[in-house]
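Index from 1, following the sequence.
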Amino acid sequence: EQALILLYRIRDDARQRLAQLKQVQRLQTYDDLIEEVANALEGPYGETLAHNLRGQYAVALVDEFQDTDARQWSIFRRVFADSEAADAGVPALFLIGDPKQAIYGFRGGDVHTYLAAKAEAIEAPPLVHNFRSRPSVLRAIEALYTQAGDQAFVDEGIRFQPVQPGAGNAD
């Protein structure tokens, strides 16, 4: 138990020292930038900031959305999905991703954030062709998931979508 307490103290001390070092050297990580923007959007001038960002960037396209975490989603949602243009039916936010890849936590994947965003979004038709894989690989993958059934991905919000091979792909 003492070792665990010491470990937590060392961790907390390291966090404080890192924060001080970054402040002195005027450095920010990508995580710091995300945190600061999210905090600013939640602050007293959040509406002004959201409006200015929306004015500067009329449309946002988030590729590899499955790697987006809840904090990043809150930013995109506030600036682009909760805007006057979105209320008027003008799409301003496009999310592209594959929930089956959100299992990669080391890349920041968060399947719950993906599914929450999907529940709010107007779903576009899925891509029907795969230009990267050979036809026999696509058939094998489809057979695997067909055999696994509806519970292949545990969560009912994630489904396997079979695809056709792209033009020019041969075994």
Ion pair check, [X] and [Y], cut-off under 4.0 Å:
{"X": "Asp82", "Y": "Arg54", "value": "no"}
{"X": "Glu42", "Y": "Arg78", "value": "no"}
{"X": "Asp13", "Y": "Arg9", "value": "no"}
{"X": "Glu156", "Y": "Lys118", "value": "no"}

Any non-hydrogen side-chain atom of [X] less than 4.5 Å from a side-chain atom of [Y]?
{"X": "Leu61", "Y": "Leu93", "answer": "no"}
{"X": "Gln161", "Y": "Asp98", "answer": "no"}
{"X": "Val62", "Y": "Phe94", "answer": "no"}
{"X": "Val111", "Y": "Phe153", "answer": "no"}
{"X": "Thr29", "Y": "Leu33", "answer": "no"}
{"X": "Val163", "Y": "Val128", "answer": "no"}
{"X": "Gln66", "Y": "Glu64", "answer": "yes"}
{"X": "Asp12", "Y": "Arg15", "answer": "yes"}

Q) Taking everything shown except Leu18 itself, do over 12 heavy atoms lie less than 6.0 Å from its CG? A)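 Yes, CG of Leu18 has more than 12 neighbouring heavy atoms, counting only those of other groups under 6.0 Å.
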Q.
Is it the case that atom CD in Glu123 sees more than 12 heavy atoms from other parts of the structure closer than 6.0 Å?
A.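 No - once you tally the heavy atoms of other residues, nucleotides and ligands closer than 6.0 Å, there are 12 at most.
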Shortest non-hydrogen separation from [X] to [Y] and the atoms involved:
{"X": "Asp32", "Y": "Lys22", "value": "OD2-NZ, 2.7 Å"}
{"X": "Ala167", "Y": "Phe131", "value": "N-CE2, 3.5 Å"}
{"X": "Pro135", "Y": "Ala170", "value": "CD-C, 3.8 Å"}
{"X": "His129", "Y": "Pro165", "value": "CD2-O, 3.4 Å"}
{"X": "Tyr114", "Y": "Gly97", "value": "OH-O, 3.4 Å"}
{"X": "Leu115", "Y": "Gly157", "value": "CD2-O, 3.6 Å"}

State the [atom1]-[atom2] distance between [X] and [Y], to the nearest 0.5 angstrom.
{"X": "Gln16", "Y": "Arg11", "atom1": "CD", "atom2": "CZ", "value": "11.0 Å"}
{"X": "Glu35", "Y": "Gln28", "atom1": "CD", "atom2": "CD", "value": "11.0 Å"}
{"X": "Phe160", "Y": "Leu144", "atom1": "CZ", "atom2": "CG", "value": "8.5 Å"}
{"X": "Ile122", "Y": "Leu95", "atom1": "CD1", "atom2": "CG", "value": "11.5 Å"}
{"X": "Ile34", "Y": "Asn39", "atom1": "CD1", "atom2": "CG", "value": "12.0 Å"}
{"X": "Asn52", "Y": "Glu47", "atom1": "CG", "atom2": "CD", "value": "10.0 Å"}

State plainly whether one hydrophobic cluster holds both [X] and [Y], where clusters connect Ile, Leu, Val, Met, Phe, Trp and Tyr through side-chain heavy atoms under 4.5 angstrom apart.
{"X": "Tyr57", "Y": "Leu41", "answer": "yes"}
{"X": "Val137", "Y": "Tyr145", "answer": "yes"}
{"X": "Ile96", "Y": "Val59", "answer": "yes"}

(Q) Please tell me whether Asp69 and Thr113 have a donor and an acceptor in their side chains that are separated by less than 3.5 angstrom. (A) no
Q) Just by modelled atom types, is the Asp150 backbone N or O under 3.5 Å from a matching donor or acceptor in the Arg159 side chain? A)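 Checked: pair present.
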Q: Measure from the ring center of Phe65 to the ring center of Trp73 and say whether it is less than 6.0 Å.
A: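 Close enough - the centres of the two rings lie under 6.0 Å apart.
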Q | Pair Glu1-Leu6, side chain to side chain contact (heavy atoms under 4.5 Å, CB included): steps then yes or no | A | CA-CA 9 Å; Glu1 187 175 316; Leu6 178 61; over 6 Å; no
